[in-house]
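Single-structure report; data block below.
Convention: sequence-line order gives letters A, B, ...; per-chain numbering from 1. As a basis for the values below, the full set of heavy atoms in this structure was taken, side chains included, without hydrogen atoms, waters or symmetry mates.
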There are 2 protein chains.
Amino acid sequence: MDQSEKLHGHGTVGAGSRRSDAVAAELVRMIETGGLQEGERLPAERDLMQRYGVSRAAVREAIVSLANRGLIETRLGHRPIVRKPDYEIAVDKVGNLVGHLMVDRKGVWNLFETRIFMEVGLARWAAKHARRDDLEELRAALDGNREAIGNSVLFDETDAAFHAVLYQIPGNPIYPAIHKAYVEWLTQHWRSMKRGAGIDQMNYAGHEAILEAILARDPDNAEEAMRRHLVAAWEFVRSTFPSDN
Amino acid sequence: MDQSEKLHGHGTVGAGSRRSDAVAAELVRMIETGGLQEGERLPAERDLMQRYGVSRAAVREAIVSLANRGLIETRLGHRPIVRKPDYEIAVDKVGNLVGHLMVDRKGVWNLFETRIFMEVGLARWAAKHARRDDLEELRAALDGNREAIGNSVLFDETDAAFHAVLYQIPGNPIYPAIHKAYVEWLTQHWRSMKRGAGIDQMNYAGHEAILEAILARDPDNAEEAMRRHLVAAWEFVRSTFPSDN
DNA sequence: GGTGGATTTTGGTCGGACCATATGGTACTT
DNA sequence: AAGTACCATATGGTCCGACCAAAATCCACC
(Lines give C-alpha, C1' and ligand atoms only; values in the text may rest on other atoms or scores of the structure.)
Protein backbone atom coordinates (compact mmCIF):
# COMPACT_ATOMS: atom_id res chain seq x y z
CA MET A 1 0.00 0.00 0.00
CA ASP A 2 1.40 3.35 -0.96
CA GLN A 3 1.36 6.07 1.57
CA SER A 4 2.07 8.74 -0.98
CA GLU A 5 -0.33 9.52 -3.80
CA LYS A 6 -3.04 9.20 -1.20
CA LEU A 7 -3.55 12.86 -0.52
CA HIS A 8 -3.29 14.33 -4.02
CA GLY A 9 -5.64 16.69 -5.72
CA HIS A 10 -4.55 20.33 -5.58
CA GLY A 11 -7.12 22.03 -3.43
CA THR A 12 -9.89 19.68 -4.38
CA VAL A 13 -10.95 17.88 -1.27
CA GLY A 14 -13.88 15.56 -1.40
CA ALA A 15 -14.60 15.27 2.30
CA GLY A 16 -14.53 18.14 4.74
CA SER A 17 -11.24 17.02 6.21
CA ARG A 18 -8.20 19.22 6.19
CA ARG A 19 -5.13 18.11 4.34
CA SER A 20 -2.96 19.06 7.26
CA ASP A 21 -5.02 16.79 9.49
CA ALA A 22 -4.48 13.90 7.14
CA VAL A 23 -0.73 14.53 7.13
CA ALA A 24 -0.73 14.89 10.90
CA ALA A 25 -2.59 11.62 11.31
CA GLU A 26 -0.15 9.92 8.99
CA LEU A 27 2.81 11.21 10.98
CA VAL A 28 1.21 10.12 14.24
CA ARG A 29 0.66 6.68 12.79
CA MET A 30 4.28 6.53 11.77
CA ILE A 31 5.41 7.50 15.24
CA GLU A 32 3.10 5.07 16.97
CA THR A 33 4.04 2.13 14.82
CA GLY A 34 7.67 2.79 15.55
CA GLY A 35 8.58 4.02 12.09
CA LEU A 36 9.99 7.05 13.84
CA GLN A 37 11.76 6.26 17.07
CA GLU A 38 12.04 8.50 20.08
CA GLY A 39 14.71 11.16 19.55
CA GLU A 40 14.82 10.57 15.83
CA ARG A 41 14.45 13.49 13.47
CA LEU A 42 11.38 13.94 11.34
CA PRO A 43 11.89 14.15 7.56
CA ALA A 44 12.37 17.67 6.26
CA GLU A 45 9.28 19.66 5.39
CA ARG A 46 10.20 19.74 1.72
CA ASP A 47 10.60 16.01 1.91
CA LEU A 48 7.20 15.36 3.42
CA MET A 49 5.57 17.76 1.03
CA GLN A 50 6.78 15.71 -1.91
CA ARG A 51 6.16 12.39 -0.22
CA TYR A 52 2.52 13.18 0.53
CA GLY A 53 1.95 15.36 -2.49
CA VAL A 54 0.74 18.35 -0.50
CA SER A 55 1.94 21.89 -0.20
CA ARG A 56 4.42 22.95 2.38
CA ALA A 57 1.80 24.96 4.19
CA ALA A 58 -0.20 21.81 4.80
CA VAL A 59 2.89 20.03 6.08
CA ARG A 60 3.70 22.93 8.36
CA GLU A 61 0.24 23.04 9.86
CA ALA A 62 0.46 19.34 10.52
CA ILE A 63 3.81 19.82 12.22
CA VAL A 64 2.44 22.69 14.30
CA SER A 65 -0.36 20.40 15.36
CA LEU A 66 1.96 17.58 16.40
CA ALA A 67 4.17 20.05 18.22
CA ASN A 68 1.19 21.39 20.14
CA ARG A 69 0.31 17.90 21.19
CA GLY A 70 3.84 17.39 22.46
CA LEU A 71 4.59 14.57 20.07
CA ILE A 72 7.47 16.42 18.46
CA GLU A 73 9.76 19.21 19.49
CA THR A 74 10.57 21.94 17.02
CA ARG A 75 13.59 24.19 17.01
CA LEU A 76 14.40 26.77 14.42
CA GLY A 77 16.68 25.49 11.70
CA HIS A 78 16.34 22.02 13.14
CA ARG A 79 14.33 19.08 11.96
CA PRO A 80 11.59 18.29 14.45
CA ILE A 81 12.52 15.64 16.99
CA VAL A 82 10.15 12.88 17.97
CA ARG A 83 9.24 13.02 21.64
CA LYS A 84 7.26 10.17 23.07
CA PRO A 85 5.12 12.02 25.58
CA ASP A 86 5.38 10.95 29.17
CA TYR A 87 2.75 11.56 31.79
CA GLU A 88 4.27 14.86 32.82
CA ILE A 89 4.08 16.29 29.33
CA ALA A 90 0.53 15.05 28.98
CA VAL A 91 -0.54 16.69 32.21
CA ASP A 92 1.47 19.75 31.27
CA LYS A 93 -0.41 20.21 28.03
CA VAL A 94 -3.73 20.10 29.78
CA GLY A 95 -2.46 22.52 32.37
CA ASN A 96 -2.33 25.16 29.73
CA LEU A 97 -6.07 24.77 29.42
CA VAL A 98 -6.76 24.50 33.10
CA GLY A 99 -5.36 27.97 33.44
CA HIS A 100 -8.38 29.30 31.59
CA LEU A 101 -10.66 27.52 33.99
CA MET A 102 -9.24 29.09 37.10
CA VAL A 103 -10.28 32.63 36.45
CA ASP A 104 -12.80 32.68 39.25
CA ARG A 105 -12.69 31.36 42.78
CA LYS A 106 -15.07 28.57 42.00
CA GLY A 107 -12.70 27.19 39.38
CA VAL A 108 -9.77 27.31 41.73
CA TRP A 109 -11.80 25.66 44.44
CA ASN A 110 -12.86 22.86 42.13
CA LEU A 111 -9.23 22.16 41.40
CA PHE A 112 -8.15 22.50 44.99
CA GLU A 113 -10.90 20.19 46.09
CA THR A 114 -9.60 17.47 43.79
CA ARG A 115 -6.21 17.98 45.35
CA ILE A 116 -7.64 17.42 48.79
CA PHE A 117 -9.35 14.32 47.47
CA MET A 118 -6.11 13.02 45.95
CA GLU A 119 -3.90 13.70 48.91
CA VAL A 120 -6.38 12.38 51.42
CA GLY A 121 -6.35 9.17 49.45
CA LEU A 122 -2.58 9.20 49.24
CA ALA A 123 -2.31 9.71 52.98
CA ARG A 124 -4.52 6.68 53.55
CA TRP A 125 -2.45 4.71 51.09
CA ALA A 126 0.78 5.69 52.78
CA ALA A 127 -0.59 4.75 56.18
CA LYS A 128 -1.53 1.36 54.86
CA HIS A 129 1.19 0.45 52.40
CA ALA A 130 4.24 2.67 52.84
CA ARG A 131 7.48 0.72 53.08
CA ARG A 132 10.25 1.51 55.46
CA ASP A 133 12.25 3.59 53.00
CA ASP A 134 9.13 5.53 52.05
CA LEU A 135 8.71 6.46 55.68
CA GLU A 136 12.34 7.47 55.90
CA GLU A 137 11.93 9.70 52.91
CA LEU A 138 8.90 11.28 54.47
CA ARG A 139 10.79 11.95 57.65
CA ALA A 140 13.72 13.43 55.77
CA ALA A 141 11.37 15.68 53.84
CA LEU A 142 9.72 16.75 57.07
CA ASP A 143 13.09 17.56 58.62
CA GLY A 144 14.00 19.69 55.64
CA ASN A 145 10.67 21.42 55.95
CA ARG A 146 11.22 22.22 59.61
CA GLU A 147 14.60 23.74 58.94
CA ALA A 148 13.11 25.97 56.28
CA ILE A 149 10.61 27.62 58.60
CA GLY A 150 10.90 31.37 58.25
CA ASN A 151 12.41 31.27 54.78
CA SER A 152 9.30 31.65 52.65
CA VAL A 153 10.65 30.50 49.33
CA LEU A 154 12.60 27.60 50.79
CA PHE A 155 9.65 26.58 52.92
CA ASP A 156 7.39 26.38 49.89
CA GLU A 157 9.94 24.19 48.18
CA THR A 158 10.28 21.77 51.06
CA ASP A 159 6.54 21.86 51.52
CA ALA A 160 6.03 20.72 47.96
CA ALA A 161 8.78 18.15 48.41
CA PHE A 162 7.04 16.62 51.40
CA HIS A 163 3.80 16.25 49.52
CA ALA A 164 5.74 14.97 46.52
CA VAL A 165 6.94 12.00 48.53
CA LEU A 166 3.35 11.00 49.16
CA TYR A 167 2.61 11.10 45.45
CA GLN A 168 5.58 8.94 44.78
CA ILE A 169 4.91 6.19 47.30
CA PRO A 170 2.39 4.20 45.23
CA GLY A 171 5.04 3.83 42.52
CA ASN A 172 2.70 4.91 39.73
CA PRO A 173 4.36 7.55 37.53
CA ILE A 174 1.02 9.25 36.95
CA TYR A 175 0.82 10.53 40.51
CA PRO A 176 4.05 12.56 40.51
CA ALA A 177 2.95 14.08 37.21
CA ILE A 178 -0.30 15.15 38.81
CA HIS A 179 1.55 16.63 41.75
CA LYS A 180 3.78 18.63 39.47
CA ALA A 181 0.71 19.94 37.74
CA TYR A 182 -0.96 20.94 41.01
CA VAL A 183 2.11 22.82 42.10
CA GLU A 184 2.32 24.69 38.82
CA TRP A 185 -1.35 25.54 38.61
CA LEU A 186 -2.03 26.47 42.16
CA THR A 187 1.26 28.16 42.95
CA GLN A 188 0.37 31.27 40.99
CA HIS A 189 -2.56 31.78 43.28
CA TRP A 190 -0.68 31.93 46.50
CA ARG A 191 2.71 33.10 45.38
CA SER A 192 1.37 36.63 45.46
CA MET A 193 0.22 36.05 48.99
CA LYS A 194 2.12 37.70 51.77
CA ARG A 195 2.05 35.76 55.00
CA GLY A 196 3.13 36.08 58.58
CA ALA A 197 5.76 33.91 60.18
CA GLY A 198 3.18 31.85 62.02
CA ILE A 199 1.87 30.34 58.81
CA ASP A 200 4.99 28.29 58.22
CA GLN A 201 4.74 26.88 61.72
CA MET A 202 1.13 25.97 61.20
CA ASN A 203 1.84 24.23 57.93
CA TYR A 204 4.79 22.40 59.39
CA ALA A 205 2.64 21.22 62.26
CA GLY A 206 0.19 19.92 59.73
CA HIS A 207 2.89 17.92 57.98
CA GLU A 208 4.08 16.56 61.28
CA ALA A 209 0.62 15.36 62.23
CA ILE A 210 0.26 13.67 58.88
CA LEU A 211 3.54 11.84 59.20
CA GLU A 212 2.76 10.75 62.74
CA ALA A 213 -0.51 9.23 61.68
CA ILE A 214 1.19 7.46 58.80
CA LEU A 215 3.91 6.13 61.06
CA ALA A 216 1.20 4.91 63.41
CA ARG A 217 -0.35 3.08 60.45
CA ASP A 218 -3.61 4.85 61.11
CA PRO A 219 -5.39 5.65 57.83
CA ASP A 220 -8.29 7.46 59.44
CA ASN A 221 -6.07 9.79 61.37
CA ALA A 222 -3.82 10.31 58.35
CA GLU A 223 -6.84 11.24 56.32
CA GLU A 224 -8.10 13.60 58.95
CA ALA A 225 -4.71 15.25 59.44
CA MET A 226 -4.30 15.74 55.72
CA ARG A 227 -7.75 17.15 55.32
CA ARG A 228 -7.26 19.62 58.15
CA HIS A 229 -3.92 20.66 56.72
CA LEU A 230 -5.27 21.31 53.23
CA VAL A 231 -8.48 22.97 54.34
CA ALA A 232 -6.40 25.38 56.38
CA ALA A 233 -4.21 26.02 53.34
CA TRP A 234 -7.31 26.70 51.31
CA GLU A 235 -8.40 29.37 53.71
CA PHE A 236 -5.35 31.31 52.67
CA VAL A 237 -5.77 30.78 48.98
CA ARG A 238 -9.34 31.85 49.39
CA SER A 239 -8.38 35.01 51.16
CA THR A 240 -6.43 36.11 48.12
CA PHE A 241 -9.65 36.50 46.18
CA PRO A 242 -11.03 40.01 46.21
CA SER A 243 -14.75 39.44 45.85
CA ASP A 244 -15.72 37.13 48.67
CA ASN A 245 -19.25 36.42 47.55
CA MET B 1 -1.66 50.81 23.39
CA ASP B 2 -1.67 49.50 19.84
CA GLN B 3 -2.04 45.83 19.31
CA SER B 4 -1.19 46.02 15.64
CA GLU B 5 2.18 47.15 14.36
CA LYS B 6 3.61 45.02 17.12
CA LEU B 7 4.52 42.03 15.06
CA HIS B 8 5.82 43.66 11.90
CA GLY B 9 9.02 43.02 10.07
CA HIS B 10 8.63 40.70 7.09
CA GLY B 11 10.51 37.59 8.04
CA THR B 12 12.95 39.40 10.24
CA VAL B 13 12.48 38.13 13.74
CA GLY B 14 14.89 39.09 16.45
CA ALA B 15 14.19 36.34 18.92
CA GLY B 16 13.66 32.70 18.04
CA SER B 17 9.93 32.97 18.49
CA ARG B 18 7.49 32.07 15.77
CA ARG B 19 5.20 34.69 14.39
CA SER B 20 2.32 32.28 14.62
CA ASP B 21 3.02 31.83 18.32
CA ALA B 22 2.86 35.55 18.86
CA VAL B 23 -0.44 35.76 17.04
CA ALA B 24 -1.76 32.77 18.95
CA ALA B 25 -0.77 34.33 22.25
CA GLU B 26 -2.46 37.55 21.24
CA LEU B 27 -5.66 35.73 20.38
CA VAL B 28 -5.57 33.82 23.63
CA ARG B 29 -5.16 37.09 25.50
CA MET B 30 -8.12 38.52 23.67
CA ILE B 31 -10.25 35.54 24.57
CA GLU B 32 -9.18 35.53 28.19
CA THR B 33 -9.78 39.21 28.72
CA GLY B 34 -13.25 38.82 27.32
CA GLY B 35 -12.62 40.66 24.09
CA LEU B 36 -14.03 37.59 22.39
CA GLN B 37 -16.94 36.06 24.20
CA GLU B 38 -17.93 32.42 24.22
CA GLY B 39 -19.72 31.45 21.03
CA GLU B 40 -18.57 34.56 19.24
CA ARG B 41 -16.87 34.29 15.88
CA LEU B 42 -13.20 35.02 15.46
CA PRO B 43 -12.27 37.74 12.94
CA ALA B 44 -11.62 36.46 9.45
CA GLU B 45 -8.12 35.28 8.62
CA ARG B 46 -7.64 38.08 6.12
CA ASP B 47 -8.70 40.47 8.83
CA LEU B 48 -6.27 39.21 11.40
CA MET B 49 -3.48 39.14 8.86
CA GLN B 50 -3.89 42.85 8.25
CA ARG B 51 -4.49 43.66 11.87
CA TYR B 52 -1.31 42.00 13.07
CA GLY B 53 0.67 42.67 9.95
CA VAL B 54 1.58 39.05 9.33
CA SER B 55 0.97 36.70 6.46
CA ARG B 56 -2.04 34.52 6.26
CA ALA B 57 0.09 31.44 6.78
CA ALA B 58 1.14 32.75 10.17
CA VAL B 59 -2.45 33.48 11.09
CA ARG B 60 -3.52 30.03 9.98
CA GLU B 61 -0.85 28.30 12.04
CA ALA B 62 -1.93 30.30 15.04
CA ILE B 63 -5.52 29.25 14.45
CA VAL B 64 -4.50 25.62 14.08
CA SER B 65 -2.74 25.94 17.38
CA LEU B 66 -5.74 27.41 19.18
CA ALA B 67 -7.98 24.79 17.65
CA ASN B 68 -5.70 22.02 18.89
CA ARG B 69 -5.91 23.46 22.36
CA GLY B 70 -9.67 23.43 22.14
CA LEU B 71 -10.02 27.18 22.52
CA ILE B 72 -11.75 27.57 19.19
CA GLU B 73 -13.72 25.34 16.91
CA THR B 74 -13.12 25.44 13.19
CA ARG B 75 -15.47 24.45 10.43
CA LEU B 76 -14.83 24.73 6.75
CA GLY B 77 -16.02 27.95 5.20
CA HIS B 78 -16.92 29.17 8.65
CA ARG B 79 -15.24 31.63 10.96
CA PRO B 80 -13.77 29.91 14.00
CA ILE B 81 -15.99 29.97 17.05
CA VAL B 82 -14.65 30.75 20.50
CA ARG B 83 -15.12 27.84 22.86
CA LYS B 84 -14.29 28.45 26.47
CA PRO B 85 -12.91 25.05 27.40
CA ASP B 86 -14.69 23.18 30.10
CA TYR B 87 -13.20 20.40 32.15
CA GLU B 88 -14.37 17.75 29.75
CA ILE B 89 -12.56 19.30 26.83
CA ALA B 90 -9.45 19.76 28.92
CA VAL B 91 -9.42 16.15 30.01
CA ASP B 92 -10.30 15.13 26.47
CA LYS B 93 -7.27 16.86 25.04
CA VAL B 94 -4.95 15.11 27.41
CA GLY B 95 -6.69 11.89 26.58
CA ASN B 96 -5.43 11.91 23.08
CA LEU B 97 -1.96 11.95 24.52
CA VAL B 98 -2.68 9.31 27.09
CA GLY B 99 -3.60 7.05 24.23
CA HIS B 100 0.03 6.98 23.22
CA LEU B 101 1.01 5.94 26.72
CA MET B 102 -1.22 2.90 26.82
CA VAL B 103 0.59 0.86 24.26
CA ASP B 104 1.82 -1.67 26.77
CA ARG B 105 0.14 -3.37 29.68
CA LYS B 106 2.13 -1.39 32.18
CA GLY B 107 0.74 1.85 30.82
CA VAL B 108 -2.81 0.57 30.95
CA TRP B 109 -2.27 -0.69 34.47
CA ASN B 110 -0.94 2.66 35.60
CA LEU B 111 -4.07 4.29 34.33
CA PHE B 112 -6.36 1.64 35.71
CA GLU B 113 -4.69 1.87 39.07
CA THR B 114 -5.47 5.57 39.25
CA ARG B 115 -9.06 4.68 38.49
CA ILE B 116 -9.14 2.28 41.40
CA PHE B 117 -7.64 5.00 43.55
CA MET B 118 -10.24 7.54 42.42
CA GLU B 119 -13.24 5.33 42.76
CA VAL B 120 -12.19 3.92 46.09
CA GLY B 121 -12.03 7.49 47.30
CA LEU B 122 -15.36 8.28 45.74
CA ALA B 123 -16.94 5.25 47.40
CA ARG B 124 -15.68 6.46 50.76
CA TRP B 125 -16.98 9.92 50.03
CA ALA B 126 -20.37 8.61 49.06
CA ALA B 127 -20.59 6.51 52.18
CA LYS B 128 -19.84 9.54 54.27
CA HIS B 129 -21.54 12.41 52.48
CA ALA B 130 -24.09 11.17 49.97
CA ARG B 131 -27.46 12.85 50.29
CA ARG B 132 -30.74 11.08 50.03
CA ASP B 133 -31.26 11.87 46.36
CA ASP B 134 -27.74 10.74 45.59
CA LEU B 135 -28.58 7.40 47.13
CA GLU B 136 -31.76 7.20 45.14
CA GLU B 137 -29.86 7.86 41.95
CA LEU B 138 -27.42 5.13 42.84
CA ARG B 139 -30.22 2.68 43.45
CA ALA B 140 -31.92 3.61 40.20
CA ALA B 141 -28.64 3.12 38.34
CA LEU B 142 -28.19 -0.23 40.02
CA ASP B 143 -31.69 -1.31 39.03
CA GLY B 144 -31.01 -0.37 35.45
CA ASN B 145 -27.80 -2.32 35.62
CA ARG B 146 -29.52 -5.44 36.90
CA GLU B 147 -32.09 -5.36 34.13
CA ALA B 148 -29.34 -5.15 31.54
CA ILE B 149 -27.66 -8.36 32.60
CA GLY B 150 -27.15 -10.52 29.55
CA ASN B 151 -27.21 -7.66 27.07
CA SER B 152 -23.51 -6.91 26.78
CA VAL B 153 -23.68 -3.49 25.22
CA LEU B 154 -26.50 -2.30 27.44
CA PHE B 155 -24.82 -3.71 30.49
CA ASP B 156 -21.66 -1.77 29.76
CA GLU B 157 -23.71 1.39 29.45
CA THR B 158 -25.53 0.93 32.72
CA ASP B 159 -22.28 -0.14 34.33
CA ALA B 160 -20.67 3.14 33.34
CA ALA B 161 -23.81 4.99 34.44
CA PHE B 162 -23.62 3.48 37.91
CA HIS B 163 -20.03 4.55 38.34
CA ALA B 164 -20.88 7.93 36.82
CA VAL B 165 -23.26 8.64 39.68
CA LEU B 166 -20.41 8.19 42.13
CA TYR B 167 -18.31 10.71 40.22
CA GLN B 168 -21.14 13.16 40.30
CA ILE B 169 -21.97 13.01 44.01
CA PRO B 170 -19.25 15.38 45.23
CA GLY B 171 -20.69 18.08 42.96
CA ASN B 172 -17.33 18.98 41.47
CA PRO B 173 -17.52 19.12 37.65
CA ILE B 174 -13.98 17.85 37.36
CA TYR B 175 -14.92 14.35 38.51
CA PRO B 176 -17.49 13.60 35.82
CA ALA B 177 -14.98 14.82 33.24
CA ILE B 178 -12.45 12.37 34.60
CA HIS B 179 -14.97 9.58 34.50
CA LYS B 180 -15.79 10.32 30.90
CA ALA B 181 -12.11 10.16 30.11
CA TYR B 182 -11.65 6.82 31.87
CA VAL B 183 -14.53 5.32 29.96
CA GLU B 184 -13.15 6.53 26.65
CA TRP B 185 -9.59 5.44 27.31
CA LEU B 186 -10.18 2.11 28.89
CA THR B 187 -13.17 1.03 26.86
CA GLN B 188 -11.06 0.28 23.80
CA HIS B 189 -9.16 -2.24 25.83
CA TRP B 190 -12.10 -4.34 26.84
CA ARG B 191 -14.55 -3.70 24.05
CA SER B 192 -12.72 -6.32 22.05
CA MET B 193 -13.11 -8.73 24.92
CA LYS B 194 -15.64 -11.50 24.57
CA ARG B 195 -17.12 -12.57 27.85
CA GLY B 196 -19.37 -15.21 29.25
CA ALA B 197 -22.75 -14.50 30.75
CA GLY B 198 -21.44 -14.98 34.27
CA ILE B 199 -19.32 -11.87 34.02
CA ASP B 200 -22.28 -9.54 34.02
CA GLN B 201 -23.63 -11.22 37.10
CA MET B 202 -20.32 -10.87 38.86
CA ASN B 203 -20.04 -7.19 38.02
CA TYR B 204 -23.59 -6.53 39.08
CA ALA B 205 -22.94 -8.25 42.37
CA GLY B 206 -19.96 -5.96 42.81
CA HIS B 207 -22.10 -2.90 42.26
CA GLU B 208 -24.68 -4.20 44.67
CA ALA B 209 -22.11 -4.73 47.40
CA ILE B 210 -20.80 -1.20 46.87
CA LEU B 211 -24.22 0.34 47.15
CA GLU B 212 -25.06 -1.67 50.24
CA ALA B 213 -21.94 -0.47 52.00
CA ILE B 214 -22.71 3.11 51.01
CA LEU B 215 -26.29 2.81 52.25
CA ALA B 216 -24.91 1.42 55.49
CA ARG B 217 -22.71 4.53 55.72
CA ASP B 218 -19.69 2.29 56.05
CA PRO B 219 -16.69 3.86 54.26
CA ASP B 220 -14.33 0.98 54.97
CA ASN B 221 -16.69 -1.58 53.52
CA ALA B 222 -17.51 0.68 50.58
CA GLU B 223 -13.81 1.02 49.88
CA GLU B 224 -13.26 -2.69 50.13
CA ALA B 225 -16.22 -3.54 47.93
CA MET B 226 -15.12 -1.07 45.29
CA ARG B 227 -11.58 -2.32 45.35
CA ARG B 228 -12.64 -5.93 44.95
CA HIS B 229 -14.96 -4.98 42.12
CA LEU B 230 -12.31 -3.10 40.18
CA VAL B 231 -9.51 -5.55 40.81
CA ALA B 232 -11.75 -8.27 39.41
CA ALA B 233 -12.48 -6.09 36.40
CA TRP B 234 -8.77 -5.58 35.92
CA GLU B 235 -8.22 -9.29 35.73
CA PHE B 236 -10.28 -9.26 32.57
CA VAL B 237 -8.60 -6.29 31.02
CA ARG B 238 -5.30 -7.90 31.85
CA SER B 239 -6.28 -11.13 30.17
CA THR B 240 -6.70 -9.28 26.88
CA PHE B 241 -2.97 -8.69 26.70
CA PRO B 242 -1.13 -11.29 24.69
CA SER B 243 2.31 -11.28 26.26
CA ASP B 244 1.81 -11.98 29.93
CA ASN B 245 5.31 -11.20 31.07
C1' DG C 1 -43.77 37.26 1.89
C1' DG C 2 -41.42 33.15 0.75
C1' DT C 3 -38.04 30.78 -2.25
C1' DG C 4 -34.18 29.67 -5.13
C1' DG C 5 -30.20 31.05 -7.53
C1' DA C 6 -26.33 34.50 -7.94
C1' DT C 7 -22.87 37.05 -5.30
C1' DT C 8 -19.90 37.68 -1.49
C1' DT C 9 -17.46 36.04 2.34
C1' DT C 10 -14.28 32.89 4.22
C1' DG C 11 -11.59 28.90 5.19
C1' DG C 12 -8.41 25.44 2.66
C1' DT C 13 -4.73 24.77 -0.59
C1' DC C 14 -1.07 25.57 -3.72
C1' DG C 15 3.40 27.28 -5.65
C1' DG C 16 7.29 29.99 -5.55
C1' DA C 17 10.22 33.03 -3.38
C1' DC C 18 13.09 34.97 0.32
C1' DC C 19 15.06 35.24 5.07
C1' DA C 20 17.19 33.28 9.43
C1' DT C 21 19.48 29.81 11.73
C1' DA C 22 22.18 25.58 12.30
C1' DT C 23 25.49 22.41 10.49
C1' DG C 24 29.43 20.89 8.21
C1' DG C 25 33.18 21.27 5.20
C1' DT C 26 37.00 24.01 3.41
C1' DA C 27 40.60 27.07 3.14
C1' DC C 28 43.31 30.07 5.58
C1' DT C 29 46.05 31.30 9.60
C1' DT C 30 49.15 30.33 13.26
C1' DA D 1 49.45 19.90 12.19
C1' DA D 2 46.05 22.15 14.87
C1' DG D 3 42.93 25.61 15.29
C1' DT D 4 39.94 29.07 13.40
C1' DA D 5 37.35 31.90 10.34
C1' DC D 6 34.41 31.58 6.58
C1' DC D 7 31.32 30.03 3.16
C1' DA D 8 27.97 26.50 1.14
C1' DT D 9 24.12 23.82 2.23
C1' DA D 10 20.10 22.11 4.69
C1' DT D 11 16.16 23.37 6.97
C1' DG D 12 12.67 25.83 9.38
C1' DG D 13 10.05 30.44 9.27
C1' DT D 14 7.75 33.92 6.60
C1' DC D 15 5.60 36.35 2.92
C1' DC D 16 2.90 37.02 -1.39
C1' DG D 17 -0.59 36.16 -4.69
C1' DA D 18 -3.64 33.16 -6.55
C1' DC D 19 -7.31 29.70 -6.88
C1' DC D 20 -10.91 26.38 -5.11
C1' DA D 21 -14.85 24.97 -2.21
C1' DA D 22 -18.08 25.51 1.25
C1' DA D 23 -20.87 28.56 3.82
C1' DA D 24 -23.32 32.82 4.31
C1' DT D 25 -25.63 36.54 2.34
C1' DC D 26 -28.24 39.07 -0.85
C1' DC D 27 -31.65 39.82 -4.27
C1' DA D 28 -34.66 39.14 -7.89
C1' DC D 29 -38.49 36.60 -8.94
C1' DC D 30 -42.61 34.30 -8.14
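For B:Glu136, the salt bridge (Lys or Arg N to Asp or Glu O under 4.0 Å) criterion is met by no residue, not counting sequence neighbours. A:Phe162 meets the ring-ring contact (aromatic ring centres under 6.0 Å, His included) test with A:His207; sequence neighbours excluded. Remark: A:Arg69 engages no residue in a salt bridge (Lys or Arg N to Asp or Glu O under 4.0 Å) (not counting sequence neighbours). A search for salt bridge (Lys or Arg N to Asp or Glu O under 4.0 Å) contacts involving B:Glu119 returns B:Arg115, not counting sequence neighbours. For A:Glu88, the salt bridge (Lys or Arg N to Asp or Glu O under 4.0 Å) partners two or more places apart in sequence, or in a different chain, are A:Lys180. When the ring-ring contact (aromatic ring centres under 6.0 Å, His included) test is applied to A:Trp125, the partners found at least two apart in sequence or on another chain are A:His129. For the side-chain contact (heavy atoms from CB on, under 4.5 Å) test, residues two or more places apart in sequence or in another chain that qualify with B:Gln37 are B:Glu40.
Atom CD of A:Glu73 and atom P of D:dG12 are 14 Å apart (whole Å). Across the protein-nucleic acid pair, B:Met49 atom CE and D:dG13 atom C1' stand 16 Å apart, rounded to whole Å. Summarising the geometry, the separation between OH on A:Tyr52 and C1' on C:dG15 is reported as 21 Å, rounded to the nearest angstrom.
Look at B:Glu45 and B:Arg56 and you find a salt bridge, because one of the NZ, NE, NH1 or NH2 atoms lies within 4.0 Å of a carboxylate O, short of that distance.
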Grab the N/O contacts between the protein and nucleotides 8-11 of chain C below 3.5 Å, and write none if there aren't any.
unit_1 : atom_1 : unit_2  : atom_2 : d
C:dT10 : OP1    : B:Arg79 : NH1    : 2.6
C:dG11 : OP2    : B:Glu45 : N      : 2.9
C:dG11 : N7     : B:Arg46 : NH1    : 2.9
C:dG11 : N7     : B:Arg56 : NH2    : 3.3
C:dG11 : O6     : B:Arg46 : NH2    : 2.9

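Taking five base pairs at each end of the helix from C:dG1-D:dC30 to C:dT30-D:dA1 and finding the rotation axis that steps the C1' atoms of four pairs onto the next four gives two axes whose angle is 10°, to the nearest 10°.
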